[in-house]
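Labels below follow one simple rule: chain letters A, B, ... track the order of the sequence lines, proteins then strands, and each chain is numbered from 1.
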4 protein chains.
Amino acid sequence: MAETRTPDANRRSERSRRAIYDAALALVTEVGYTRTTIEGIAARAGVGKQTIYRWWPSKAAVLLEAFLDLVAAAEPANPADPAATTGPAEAAFPDTGDLEADLKTVLRASVDQLTDPRYEGPTRALTAAGIVDERVGAEFLVKLLDPGLRLYGERLRSAQATGDADPSIDPRIATELFVGPLLHRWLLRTLPLTHDYTDRLVEYALHGLRPRG
Amino acid sequence: MAETRTPDANRRSERSRRAIYDAALALVTEVGYTRTTIEGIAARAGVGKQTIYRWWPSKAAVLLEAFLDLVAAAEPANPADPAATTGPAEAAFPDTGDLEADLKTVLRASVDQLTDPRYEGPTRALTAAGIVDERVGAEFLVKLLDPGLRLYGERLRSAQATGDADPSIDPRIATELFVGPLLHRWLLRTLPLTHDYTDRLVEYALHGLRPRG
Amino acid sequence: MAETRTPDANRRSERSRRAIYDAALALVTEVGYTRTTIEGIAARAGVGKQTIYRWWPSKAAVLLEAFLDLVAAAEPANPADPAATTGPAEAAFPDTGDLEADLKTVLRASVDQLTDPRYEGPTRALTAAGIVDERVGAEFLVKLLDPGLRLYGERLRSAQATGDADPSIDPRIATELFVGPLLHRWLLRTLPLTHDYTDRLVEYALHGLRPRG
Amino acid sequence: MAETRTPDANRRSERSRRAIYDAALALVTEVGYTRTTIEGIAARAGVGKQTIYRWWPSKAAVLLEAFLDLVAAAEPANPADPAATTGPAEAAFPDTGDLEADLKTVLRASVDQLTDPRYEGPTRALTAAGIVDERVGAEFLVKLLDPGLRLYGERLRSAQATGDADPSIDPRIATELFVGPLLHRWLLRTLPLTHDYTDRLVEYALHGLRPRG
DNA sequence: TCATAAGCGAGACGGTACGTCCCGTCTTTAT
DNA sequence: ATAAAGACGGGACGTACCGTCTCGCTTATGA
């Protein structure tokens with residue numbers, strides 16, 4: 001009886017959805033996440049507040065979806081399966097046979113993306129929201145991050161198969177060895193993100209810190 | 001810069017300051033950061049709102065200071081120099097001569113701290129606030145994070161001196177090789193934080209992912 | 001004139017309006033005007049503060065309207081023209097042909113009203129507010145006072161026509177000869193308001209202070 | 001024991017008192033009564049807030065005293081008895097033998113005073129405060145108004161003695177016949193205050209409204 | 001085919017919190 | 001001891017948004 005009244009998605013206004021995405025992304029980059037309000041999004045989108053509340057449970061949810069849409073639009077569409085959106089950085093993880101080169105390529109792309117002004121605001125906002133709110137965090141992880149991280153794992157497993165990586169290592173932990181430091185530096189703004197930095201990161205992680213015999 | 005009427009710090013009520021710290025930390029752990037309000041802190045501390053606004057510019061600033069105080073109080077006071085507060089995890093970085101063991105010790109301590117229910121709430125809140133607000137982030141970094149990170153650097157340099165680490169590596173980047181993945185996992189809640197995880201992390205980072213010859 | 005976003009009066013909640021009237025009047029009589037706050041009215045009326053600020057510019061405006069409503073409700077409705085609200089004291093000014101008797105009747109009624117505990121508080125409050133704030137004063141005058149005063153003028157003109165009053169006198173000034181002293185005594189609390197007092201007032205004003213030849 | 005701690009008036013700073021008077025009067029005329037605050041007076045007077053609270057119970061009390069001082073200073077000092085301050089309008093009520101002329105003179109002076117920009121603000125403020133707060137009203141009446149009204153009474157009694165006024169009339173009610181309409185017009189801003197107006201007022205009151213036989 | 005029910009723009013509503021202004025009290029330092 | 005200064009606990013201000021609700025309007029079926 002207390003059904004939450006799921007609205008009819010068929011009748012949904014595509015025009016409104018788009019306008020809301022645009023408004024949300026624009027506001028976040030312009031005035032920041034906390035000063036972005038649902039009322040503000042609605043006003044800017046020329047939309048009633050209820051139209052937002054009808055389709056999304058929270059500000060974070062709106063922004064997440066808007067961002068997902070932005071990222072999907074930016075990606076070279078996969079003709080075989082357009083639904084197989086995989087994440088911002090690595091639509092497809094290269095496998096040239098040279099693990100080090102491939103990792104460097106991908107991490108450089110990640111740096112470029114995190115630096116892109118269109119992405120920086122929303123990404124920061126969503127990450128922060130996810131850190132504090134477990135629910136948002138989970139959705140953010142599953143929909144946006146995990147697909148990308150999974151590709152690292154696959155590439156590492158492939159490297160293990162070809163003997164380019166120690167077969168005893170856990171690919172998931174190894175993945176975080178690359179991604180963790182990058183995010184750390186970006187999130188906490190400790191030092192600038194450069195291609196040179198990620199290159200060295202890859203080298204350190206692959207060869208270890210021990211003196212090279 | 002329009003300095004706005006700095007109050008007289010001599011006349012400040014110590015009792016109020018303490019009450020505000022306590023209330024802020026309690027509320028953040030009880031109801032979370034976003035539902036912690038300045039009004040709520042004031043009410044719980046038995047303090048006028050203005051007393052908070054007089055001394056802090058924002059909710060985040062209150063919490064940061066309260067957390068700093070908590071951490072300082074928890075640390076084993078350094079008898080030689082009690083003012084030498086160094087940060088939450090590593091009041092003093094061990095140097096037993098065994099780099100790997102020392103790193104594992106410190107990272108295990110970090111895991112314990114990030115897992116401690118008294119610390120988790122505030123730390124998440126502050127990190128998130130810092131991600132979104134550059135000012136807060138900078139203060140958070142300088143006052144809380146950097147001191148700890150610096151110790152890693154010193155230990156690594158010491159290891160380079162004794163030949164336990166490659167002298168060509170950049171200690172700062174190397175530091176992030178340990179701390180980054182840890183924070184990544186904790187912030188994004190990808191997988192549980194365990195001592196076993198950090199042990200392997202240290203091993204991977206020191207020896208690299210390449211097959212061990 | 002920077003008209004600030006006029007709300008849609010059609011959608012206005014009648015229930016809220018009534019509750020606000022009631023709360024305002026009750027509070028003024030209970031705790032006095034200065035200790036009546038908008039916040040208090042809102043709380044007592046079970047209404048958001050914004051609902052008050054949306055429709056009234058000030059506490060005085062709320063009270064004025066509430067009082068106007070009270071007075072209109074209390075008046076014997078004029079069947080011929082229910083909209084012809086004329087003011088508190090004299091819905092219709094009697095004209096029995098005996099000017100002195102008519103004036104005494106009306107002034108006695110005024111005394112009764114100014115003495116009525118339901119009216120005294122609001123009336124004092126509004127008068128005081130109007131004395132200090134010209135805008136409030138003007139509205140108070142036009143909406144509440146003037147209609148009543150006008151009736152005096154008409155009755156006096158009628159008396160001039162029948163030869164009961166000197167045709168050379170200015171009815172407006174003459175009106176104030178009755179109303180002024182009454183208000184003076186009531187506002188400043190110099191001496192108690194009684195029917196006997198107003199009777200003598202009428203006599204003095206009609207016959208003058210000169211020795212009666 | 002709960003004595004309200006009456007301070008030692010001998011040690012009182014004359015300089016502060018004066019500064020407070022000046023500040024209070026200035027603020028009332030500049031920004032109005034309600035926007036005049038004790039804090040504002042203190043700041044403008046270069047005085048601690050406590051110095052005000054020590055000597056006066058309320059904002060109205062400060063203003064009343066300040067106004068009393070202003071009025072006393074403006075009056076032609078009575079050499080016989082400098083303490084015999086009698087009130088704003090009528091330091092001494094004229095008695096030329098011509099009642100009508102004397103009343104006109106005094107009322108014209110009252111008009112001038114109520115119109116004087118230095119007096120208007122404070123007088124309105126104090127009257128309004130007194131209307132709402134009975135205590136303030138009583139003090140205002142006794143200290144400022146009554147002395148003046150008493151003089152009317154005396155002059156009228158003198159007129160009764162010389163046969164210029166009906167001996168049966170109550171001088172107090174008769175006094176209000178002049179003062180009431182004047183204050184009514186001034187307080188409620190019904191019509192402008194002019195000398196012509198008060199002249200006619202005197203005539204009406206003395207001769208009555210009846211047709212002059 | 002046409003009523004009928006949905007989504008929609010708009011925005012009023014009961015609320016919560018904001019950051020500010022004062023209140024009246026209290027405490028500190030200087031005269 | 002009075003005074004200048006101003007921190008303090010507290011209450012109210014007027015504003016901004018929250019999330020819910022109701023209002024007409026339009027649009028798109030399904031009886």
Side-chain angles (χ1 to χ4, degrees), chain A residues 5 7-16 19 34-43 45-55 57-59, chain B residues 5 7-13 15-16 19 34-43 45-55 57-59, chain C residues 5 7-13 15-16 19 34-43 45-55 57-59, chain D residues 5 7-13 15-16 19 34-40 42-43 45-55 57-59:
Chain A
R5 285 269 299 107
D8 181 349
N10 292 345
R11 300 192 149 216
R12 185 167 183 182
S13 158
E14 190 54 26
R15 143 192 281 280
S16 294
T34 44
R35 302 228 300 279
T36 295
T37 65
I38 293 210
E39 245 171 41
I41 296 172
V47 141
K49 279 201 289 177
Q50 199 55 39
T51 302
I52 298 185
Y53 285 109
R54 189 162 17 239
W55 301 108
S58 69
K59 182 173 72 167
Chain B
R5 287 255 299 106
D8 181 348
N10 293 344
R11 307 207 135 191
R12 185 165 183 184
S13 160
R15 144 190 281 277
S16 295
T34 44
R35 299 219 316 267
T36 294
T37 65
I38 292 205
E39 215 152 72
I41 296 173
V47 142
K49 277 202 285 179
Q50 200 56 44
T51 300
I52 297 184
Y53 285 109
R54 188 159 22 234
W55 300 109
S58 69
K59 183 172 71 165
Chain C
R5 287 256 297 106
D8 181 346
N10 292 344
R11 307 207 137 192
R12 185 164 184 184
S13 159
R15 145 191 281 277
S16 294
T34 44
R35 301 221 311 269
T36 295
T37 65
I38 292 205
E39 214 152 71
I41 295 172
V47 142
K49 278 202 286 178
Q50 201 56 44
T51 300
I52 298 185
Y53 285 109
R54 185 155 28 232
W55 300 109
S58 69
K59 183 173 72 167
Chain D
R5 285 270 299 108
D8 182 348
N10 292 344
R11 301 194 150 218
R12 184 166 184 184
S13 158
R15 144 192 281 279
S16 294
T34 44
R35 301 228 300 279
T36 295
T37 66
I38 293 210
E39 238 165 51
V47 141
K49 279 201 289 178
Q50 199 55 39
T51 302
I52 297 184
Y53 284 110
R54 191 165 12 243
W55 301 108
S58 69
K59 181 172 72 167

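For the pair C:K59 (side chain) and C:T37 (backbone), a donor-acceptor distance under 3.5 Å is absent.
In this entry the distance linking CG of A:N10 with C1' of F:dA28 reads 11 Å, nearest Å. One atom, CZ of B:R35, and another, P of E:dA17, lie 10 Å apart when rounded to the nearest Å. Atom pair A:E14:CD and E:dC8:P shows a separation of 10 Å (rounding to whole Å applied). In this structure, CZ of C:R15 is placed 15 Å from C1' of F:dT22, rounded to the nearest angstrom. Per the geometry, CD1 belonging to B:I41 stands 16 Å off C1' belonging to F:dG9, to the nearest Å. Residue D:W55 contributes atom CH2, which lies 18 Å from atom P of E:dG24 at whole-angstrom precision. When rounded to the nearest whole Å, the span between NZ of C:K59 and C1' of F:dG11 equals 13 Å.
A donor-acceptor contact under 3.5 Å is formed by the side chain of D:Q50 with the base of E:dC26. Applying the 3.5 Å distance criterion, the base of F:dA3 shares no donor-acceptor pair with the side chain of D:R11. Residue B:K49 places a side-chain atom within donor-acceptor reach of the base of E:dG19, judged by atom type and a 3.5 Å distance cut-off alone.
Positionally, the nearest nucleotide of DNA chain E for A:G46 lies more toward the 5' end than for the other of A:G46 and B:P57. Place A:E39 and A:R12 on DNA chain E by their nearest nucleotides, and A:R12 ends up nearer the 5' end.
When each of E:dC13, F:dA4, E:dA12 is scored by its nearest atom to the side-chain atoms of C:D8, the top-ranked nucleotide is E:dA12. With distances taken from any side-chain atom of B:Y53 to the nucleotides E:dT20, F:dT15, E:dA12, the minimum falls on E:dT20.
More than 12 heavy atoms of other residues, nucleotides or ligands sit less than 6.0 Å from atom CZ of A:R12.
Residues D:K49 and D:I52 fail the side-chain proximity criterion, which asks for heavy atoms closer than 4.5 Å.
For A:D8, the side-chain contact (heavy atoms from CB on, under 4.5 Å) criterion is met by A:N10, A:R11, not counting sequence neighbours.
Under 4.0 angstrom from either OP1 or OP2 of E:dA12 there lies no side-chain N or O belonging to C:T51. Within the structure, a side-chain polar atom (N or O) of A:R54 is placed less than 4.0 Å from OP1 or OP2 of E:dC8. Contact check, A:S16 against E:dG7: no side-chain N or O comes under 4.0 Å of OP1 or OP2.
Residues C:P7 and C:W55 share a closest heavy-atom pair of CG-CZ3, 3.4 Å.
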